[in-house]
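Have a look at the structure below before the remarks.
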2 protein chains.
Amino acid sequence: MITLKELAEKLNVSISTVSKSLNGSSEIGEATVSRVKEAAKLYNYKPNRAALNLKNSKTKTIGVIIPNILNHFFAKVLFGIEKESAKLGYNIITCLSNELYAKEANSLELLANGSVDGFIMSIAEETQKENKSDHFKDIINQKIPILMFDRVTDDIDCDKVIMNDFQAAYSATTHLIKEGRKNIVLINNIDDLSVGKLRSKGCFKAIEDAKHYGCNLTELKVPETSELEKEIDLFFKNNKTIDGVISIDNISGVIALNTATKKGYNVPKDLSVIGFSDDNVLPFTSPKLSTVTQHSDAVGEASVQLMIKRLESKESLETVVKTIDFSLNLRETTL
Amino acid sequence: MITLKELAEKLNVSISTVSKSLNGSSEIGEATVSRVKEAAKLYNYKPNRAALNLKNSKTKTIGVIIPNILNHFFAKVLFGIEKESAKLGYNIITCLSNELYAKEANSLELLANGSVDGFIMSIAEETQKENKSDHFKDIINQKIPILMFDRVTDDIDCDKVIMNDFQAAYSATTHLIKEGRKNIVLINNIDDLSVGKLRSKGCFKAIEDAKHYGCNLTELKVPETSELEKEIDLFFKNNKTIDGVISIDNISGVIALNTATKKGYNVPKDLSVIGFSDDNVLPFTSPKLSTVTQHSDAVGEASVQLMIKRLESKESLETVVKTIDFSLNLRETTL
DNA sequence: GTGAAAGCGCTAACAG
DNA sequence: CTGTTAGCGCTTTCAC
C-alpha cells in the first residue's frame, strides 16, 4: 500500500498538497490536482483506513450482534443490514451471541473501544430470560448508540425496529376463526422471548374479540425445540377435536403439519395450519405451509437507516421506534 | 473513552510509564505498575483500536465474503468462522456478494485498505461462471492473504478449505446402486459451480465403477432454481422407471421428494432420494430426507485456523489445501 | 525506574 | 497556490 508521503515524494510536492488535491480542496491549482490524481490512480493509492479512523474518531463500521445465524429470520435481517450498510458506505462487524448473555456482553465490551461507531442487535434469549440490561447501559454511557431490532427491552431507551407481532398473531388467529375453526392450538416454542409473549397475547385477544364464534384456544408451550416433535404428537393424541394450528415460532408449524399429515388429517380440510416465518424453506413443505410472513430484510434495512441517521446527525435525536409490517401469506394449509 | 494521556495526567506520570505498566514491561517499578493498573480499571481504560491498528499495521480483523447468507450451508460456515475467530481474538467484517462478481470485487477492493488483515471467502456464482480471477490477484499482490472455502479456483494459489465433493457424491451414488436401484436421476441446480461439477463427476464415476450392476444414471441440469419444480415434475412424467434420485444441491432433493410423494411413489420403497446439505430444515420433510451431510461449521473453523496461522507466522508459508469430511446421513428416504 | 520524542498515515489550521 | 506543522492514541527507542 502506497502512502501519501510516498506519493508526495514521487511528485516532488508536499504531503498536504497531495492530500488536498485528492480531497477536492479548492486551494490547489488545477494542474497540480490532475497530476496528483493521475499518480494516485497509477499507484493505486487508497487512504489508509486505520489512519482515517484515528484521525476522525469514527470508523464507518457498525457492530452487529445476532442471536442465532442459523435461524432464517436473523439470516435475512443480516442480509438486509449488509445490503443497506454497503449502500450507505458502512462496513459491519458481525458477532453471534448464540443466545448467550456472556457472549453478547463480551461482544459489546470488545467492540466498544473504537472498533465500531454503533451497534445494531437483537437480544439473546438468555439475556431476555434473565432480564439483564446493565451491559447495554454501559455502552450507552460511553456514548455509543445501540439500536435493537425484533427482540427489545423496555429497560433501555434506544432506537428500536420491531415487527408488529401482536397484530400479526391477531390476524392469523382471526383468519382461522373466520374459517370456522373451533379448537385451535397455539404452539409456542419461544415463550421466553418478548416477541413470543406478544404473539401469544395477539392470539388470545383475537379469540376474545370474537368470542361469539365460540372458538377455543389452547396454548401448548414447548420450551425445548428438541421436544417439539414428541410434544406435538402427544398433544394430537390427547386432543382429537383440534382443527386449527397456529405456530408462532419458526419451526413448530412444519412439525405440526407433518405430524398431522402422518396421522391422516386432511390439511387444510380437517385442519388448518399457520406458521410464522419469512419466506424460506418452509414453503417447500407439502402442502405448502401458510405463514405469517415477516419482512425480515426490511427490518435490517430500517435498522441501518436509523442507526446511520443517528451517527451522522449533528444534534442528538430523540429515540425512535419503528414498526415493520408483516403479511399473512395463505398457501395450501389454510382454506 | 479515557486515553493513555488522560490517565497519565491523573497519575502524574508520563504517558510511556502508563503504557509500559499496562503492557507488563519489566522496566517499571512494581508500585507504579499496580498504581497504574488500578487507575486503569477504575476509569475503564481500553486501548483505542484505531490507534493500535495504525501503530501495528494490523487490525486483528478478517474480511469474510459470503455468496449467499440465506443458503444454510453458508450461514453455518459463517457460524463456524465467527466462533473460531472470537476464540482466537479476531473480529470479522462480513460482506455478502449475493453471487455477483461486481459486489465481490468491490468488497475486496474496499476492505483492502487496512480494514482487514486477510480474507476468507467463497467465490460468487457469477465469478465462477465467467471465470474471473484478476480481482483476487490484485489483492494477493498487495500482500493481503486470501483463503477460499468450498467454491475455489485453480487459477489462484492460496489456502483452500474444501469439501470432499467428489467422494461424497460417489458414495451417495454407490449407496443407491447397492440398494439395487437401476434408474437414477442426478438433479443438478449448480452446474455453474466448481463443487457442482465435482459432485456430478463423482456420481458418474460411481456408476462406471459399478457398471456390472447395470445401473443407469441420467443428469437433469436445471440452472434456474425457480424452474426446479416444473422441470422435476416433467422429468418424472417422462421417466416412469426412475427409482433413485440424487440431488447435489441444497434444495432440489426436497422438491423431488415432494413431487414423488404427490405422484404416489412410495418413498423409499419405490424410490430412494438423497439430498446434499448440512443438517437443517430439510430433515423436517416427511419422510425425513436422507442427505450427504456437510460439516459446514468445521469448514469455517478450519478456514479461520489456517488464516490466522498465516497471519501470525513470521516466515511465509506454503499454501495448503485442507479437505473436510462429509458423512452420509441415511434417514427415511433411503432403504 | 522514568520520561521525552519519534512515528504509524492522515487532515487541517496556519504560514508563506 | 503550496508547504509546514500539530495532533489523533499508541508503542518503543533512547536518554537521563
Going through the distances and angles, do B/Ile156 and B/Lys137 end up as a side-chain contact (heavy atoms from CB on, under 4.5 Å)?
-> CA-CA 7 Å; B/Ile156 302 291; B/Lys137 289 179 186 149; 3.7 Å; yes
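- Spacing between atom CG of A/Leu7 and atom P of D/dG3 amounts to 14 Å, rounded to whole angstrom units.
- The nearest pair of heavy atoms linking A/Met148 to A/Ile123 is SD-CD1, 3.7 Å.
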Does the salt bridge (charged side-chain N to carboxylate O under 4.0 Å, His left out) test come out yes or no for A/Lys129 and A/Glu126, once each step is laid out?
-> CA-CA 5 Å; A/Lys129 202 187 292 186; A/Glu126 191 185 39; over 6 Å; no
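- Between the CD atom in B/Glu125 and the CD1 atom in B/Ile190 there is a gap of 8.5 Å [rounded to 0.5 Å].
- Ring geometry for A/Phe149 against A/Phe73 counts as tilted: the plane angle lies between 30° and 60°, on a 0 to 90° scale.
- A salt bridge is defined here as a Lys NZ or Arg NE, NH1 or NH2 lying under 4.0 Å from an Asp or Glu carboxylate O, and B/Arg310 with B/Asp159 meets this definition.
- A heavy atom lying under 4.0 Å from DNA chain D marks the following residues of residues 10-35 of chain B, by number: B/Ile15, B/Ser16, B/Ser19, B/Lys20, B/Asn23.
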Could you go through nucleotides 6-9 of chain D and list every protein N or O atom that sits under 3.5 Å from one of its N or O atoms, giving the distance for each pair?
from	atom 1	to	atom 2	distance (Å)
D/dG7	N2	A/Lys55	NZ	2.6

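- For the pair A/Glu6 CD and C/dC8 C1', the computed distance is 12 Å after rounding to whole Å.
- Taking CG of B/Leu111 as the reference point, atom CD1 of B/Ile139 lies at 8.5 Å (rounded to 0.5 Å).
- One finds the NZ atom of B/Lys58 at 6.0 Å from the CD atom of B/Glu312 (value rounded to the nearest 0.5 Å).
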